[in-house]
**Q** 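Encoded as structure tokens, here's the structure I'll be asking about.
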Amino acid sequence: MENWRKSSYSGPGDGNECVEIANSPTHVAVRDSKTPARATLTFPPEAFAPFLERLKADAPR
């Protein structure tokens with residue numbers, strides 16, 4: 001079983017726009033906290049940091 005954690009940016013003022021992540025030795029998983037039973041993105045650990053960097057680079061400023 002995976003140990004899901006909410007993003008530190010998902011505080012009470014952010015409403016329902018939350019993501020959760022879970023780490024294991026073989027992957028990092030990401031899901032929408034509003035619909036945890038639906039689709040989950042999974043990444044090899046070495047691909048997760050580049051994925052986050054790309055999201056940050058593409059985020060509106």
Side-chain angles (χ1 to χ4, degrees):
M1 178 179 255
E2 299 187 358
N3 189 16
W4 291 96
R5 300 179 318 277
K6 269 192 185 175
S7 167
S8 61
Y9 291 98
S10 298
D14 293 337
N16 291 327
E17 296 184 25
C18 304
V19 297
E20 296 175 320
I21 64 167
N23 292 35
S24 82
T26 60
H27 70 278
V28 178
V30 181
R31 70 181 182 186
D32 183 343
S33 65
K34 296 183 305 284
T35 55
R38 297 199 58 183
T40 300
L41 296 173
T42 58
F43 300 88
E46 64 276 3
F48 189 65
F51 170 73
L52 290 180
E53 290 303 317
R54 184 58 191 214
L55 286 177
K56 290 176 189 177
D58 290 347
R61 298 179 198 250

**Q** Charged N to carboxylate O below 4.0 Å: is that the case for Lys6 and Glu20?
**A**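 Glu20 and Lys6: not salt-bridged.
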**Q** Does some side-chain heavy atom of Lys34 sit less than 4.5 Å from a side-chain heavy atom of Cys18?
**A**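 No, side chains not in contact.
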**Q** Specify the closest pair of heavy atoms between Pro45 and Thr26, including all atoms of both residues, with the distance to one decimal.
**A**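 Scanning both residues completely, I find the closest heavy atoms to be CD-O, 3.5 Å.
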**Q** Within the 4.5 Å heavy-atom criterion, are Ile21 and Phe48 side-chain neighbours or not?
**A**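 Counting from C-beta outward, Ile21 and Phe48 do come under 4.5 Å.
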**Q** Is there a side-chain contact between Thr40 and Trp4 in this structure, where contact means two heavy atoms from C-beta onward sitting under 4.5 Å apart?
**A**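 Result yes, sub-4.5 Å side-chain heavy-atom pair found.
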**Q** Check whether any side-chain heavy atom of His27 sits under 4.5 Å from a side-chain heavy atom of Phe43, and report yes or no.
**A**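 Sidechains of Phe43 and His27: no contact.
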